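We name chains A, B, ... by the order of the sequence lines, and we start the count at 1 in each one. Remember, it's a predicted structure, so these values are computed and weren't measured experimentally.
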Amino acid sequence: MEYPFEVFEKKWQDVWKKERVFNAENQVEGKENYFVLSMFPYPSGVLHMGHVSNYSIGDAISRYKMMQGYNVLQPMGYDSFGMPAENFAIQHNTHPRLATENNMAIMQGQLTAMGFGFDWQRTLATSTPEYYRWGQWLFKRLYEKGLVYKKTSFVNWCDQCQTVLANEQVEDGKCWRDGSTVRQKEMEQWYFKITDYAEELLDFSKMIDWPERVITMQKNWIGRSTGTEIDFIEETTKDKIKVFTTRPDTIFGVTFMALPPEHEYIRALLKTEAANSDLADFCEKVINEDKKERGSAEQKKEGFFTGKYCINPVNGDRVQIWVTNYVLMDYGTGAVMAVPAHDQRDFEFAKKYNIALKLVIQNQDKSLVLEEMTEAYVEPGILVNSDKFNDKDSNKAKEEISAWIDENKMGKTTITYRLRDWGVSRQRYWGNPIPVIHCDKCGSVLVPDEDLPVLLPDNVQVGKTTQNPLLSVAEWVNTTCPNCGGPGRRETDTMDTFVDSSWYYARYTDSKNTEMPFSPEIAEKWLPVDQYIGGIEHACMHLIYARFFHKFMRDIGLVKGDEPFARLLTQGMVCNLGSKMSKSKGNGVDPQPYIDRYGSDAIRVFMLFASPPEKDVDWSDDGVVGAFRFLNRVYRQAENYGDLINEYYKPYSPDLDISKEMKELRFSTHTMMKKWHEDIEEKLQFNTAIAGIMEHLNNVSSIKDPENLNTNDKIIYAEANAVMFRLIYPFAPHVSEEVWSMIGQTGLVHESGLPKHNPLYLVTDEVTYVVQVNGKLRGKIDVSLETSEEEIKELALNLENVVKFLEDKEIKKIIVVKKKLVSIVVKPK
RNA sequence: GCGAAAGUGGCGGAAUUGGCAGACGCGCUGGACUUAGAAUCCAGUUGGGUUAAACCAGUAGGGGUUCAAGUCCCCUCUUUCGCACCA
């Protein structure tokens, strides 16, 4: 008989709802708050395996913490703005709002059927005016703090999405969402000054438990390097061209200046010398190369001499200015002083275009000869041809030259980050409108707070133009300037949806607030999120953006701490047949049929048992059956022996005179409790915690006729079962509640508290010593705890199998490790 | 190319941080119960070896430290992930 999950899963879900078990109060007398958060889903349609896995982990932690007596908040909502909804609407000739609402309803039904303990009263959806209003409000506060600006520059443009992408959203030169090629387009964009926080974002000391991997990825992404900015002066125009270098020690070796075609000097030059069409063509060609190829090291270095020169401030050298395809506009100052003798890239370029090389660093044995070099010399060495710095060690010279440049106002020592400011403009409809009105007289004017939210108009026709559909809603676009009352035009760019998800965790603490994004007092009770759970793919996107937002919100007094997420768990992906489930591979598995067939608990147990949470889980039909089988065995214990357990179970562990067999069972019960607690608390390893319960179940099942036991033994037997029923709660809450009630308990499982092992019952009368001879296992002895070391040695030496290996040998040493082993070292006589 | 993590049965994965390798689950083999199947229960399941034991080998490969190594050190190989013209 299979257990009737279809009956009681619903039953317990109703009980939880009726008793408001998961509706968290902001404060509960005598209880500490604990905030468990799983990344909210994009409402793409139906729940997929990744969601099920993610939320099974979160729910296990949440319920474990409830058993521990915490006042737990575990909310859930929807990241419901975004391009997929708009694309879906275009394809199916519907409205993004309708499609999104429909999907949210479906997913909410599925999440409810899974029985996850979410506080639905606090739910939110980023596409609702109640939520996005505060996104606009925060945009304004950012603006007022000088953290928002508008700039025209070359940006990542995805033709597929018809919009701009932030640097974080370009992977290998492809759009992170659809994988299509990203090209550079010159546009005016809104930016958030995330770089103002670059230094602080590199401080990870407030994270209690973040995976080292994520921290490393963020460090690399932010990419701090110290170096020197040096001003080169253009010979005729006297324009300043700033370069950034980490090798000021090579400044005397500069033989040309390398600029990317996007560089402002080049842009200006092209305007003044329109006649030089070859230069213009070259620039155009490089700009249109796709980002991946242009950024790859294998790419052939190409360049074009502008015919212009600039002056190296340290020695007055005339230096040729080249446009090249290998310098990145995005890094440093976007200009490179090329030192071909000591930089491999410059070396290759100079060789190709017959530009002079100048040796300024000599190796230790002074054997470098410029004419014989086949690659750049990039190691440290001794300075030569460097004026007054000659004969100095290059590492020392770095600092000295940098200081000298500083003093003589030829430049300055600086820190540069790889991190760029966050471009948040999106040329799409289904997103949060940027609360700005453009006025011919007043320029860009912020919409007054009392006029927020700027409502996204509903009457748009998506997909009719290649432009942002908002542009076609004249009555929306045309408005009055809040400043002068004259005619104004609304900003039609919407915000990147990553803005919406950068502060949602805080909104959960006070999601119904109509006066503020959330009350700082309430937020303080919950933040930072104690445990955040989500995919590793957000390491350099969402998780950096949210950290930035949190620091900004701290600076305007909305939140107290420095970090939004104290602990982070990056769960693995759910794979099928060894590779990531995806639509394009056609290997996706829909969880619904399995939920229908085996119930929520079996799916959860499978997900948690298959591997540690941060590792990928390979989906397996058989694995679910195994989990289901396990839960059936637990259920059968309650079914068969419910009355006996009910009669004899004591909520404490009485110290009784019991049989040897029951001592062993009691040992098993208490070992399980200890292991369970350690596995979850210290390592979040649900797989081994579950394995421990399974092992205990095997021990319980081996007791054949519990009815025939004496009273004391029955008490131990009852405890062995009842404790197990409670310990499955975080993983299989429905079964747990059901079997708990089947043994006559009237309360809910989490109310029964955290079963705690009694260390006394983990002490056994006998211990097994392993006996080794020269490191090889030769036998075992069981001795009582009181046995002296001498006696143990004696017993070990007399073991039949040990004696055999001692023949004709001389005993050199005997090592006894308490409660573990005897190691006998011998050598031939 | 640089950096990080990892490599354990047929499979997913365990191993008090140096102390019985393979917990637990899947799968498989045999048996019980069934007219039969499903379900369930029992036994077995690293390889070699043996009627059974003993024993031998064994945690990617090689070397080392140690009474004792999956675990620590050195070298090699492989895989995964991240970064990758970052000046």
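For B/rC2, neither phosphate oxygen OP1 nor OP2 lies less than 4.0 angstrom from any side-chain nitrogen or oxygen of A/Q344. Within the structure, every side-chain polar atom (N or O) of A/R213 is placed at least 4.0 Å from both OP1 and OP2 of B/rG3. In this structure, A/N687 does not reach the B/rG12 phosphate: none of its side-chain N or O atoms is under 4.0 Å from OP1 or OP2. For A/R224 and B/rC86, the shortest distance from a side-chain N or O to OP1 or OP2 is not below 4.0 Å. For A/R778, a side-chain nitrogen or oxygen approaches OP1 or OP2 of B/rC56 to under 4.0 Å.
Among the protein residues, A/K812 comes within range of no part of the nucleic acid, since none of its heavy atoms lies under 4.0 Å from any strand. Note on A/N801: only backbone sugar-phosphate atoms sit closer than 4.0 angstrom, heavy atoms only; bases stay farther off. Residue A/G626 is classed as a sugar-phosphate contact, given heavy-atom separations below 4.0 Å to backbone atoms only. Residue contacts shown for A/D618 are absent, as no nucleic acid heavy atom lies under 4.0 Å away.
Classification of B/rG37 as anti follows from a glycosidic angle more than 90° from 0. Look at B/rU17: its glycosidic torsion is within 90° of 0, and that puts it in the syn range.
In terms of modelled atom types and a separation under 3.5 Å, the side chain of A/H696 and the main chain of A/M672 share no donor-acceptor contact. Between the side chain of A/K352 and the backbone N or O of A/K301, at least one donor-acceptor pair lies under 3.5 Å.
Straight-line distance from the CZ atom of A/F232 to the C1' atom of B/rA87: 12 Å, rounded to whole Å. Spacing between atom CD of A/E212 and atom C1' of B/rA6 amounts to 16 Å, rounded to whole angstrom units.
In this structure, of B/rA15, B/rA84, B/rC24, it is B/rA84 that holds the atom nearest to the side chain of A/R418.
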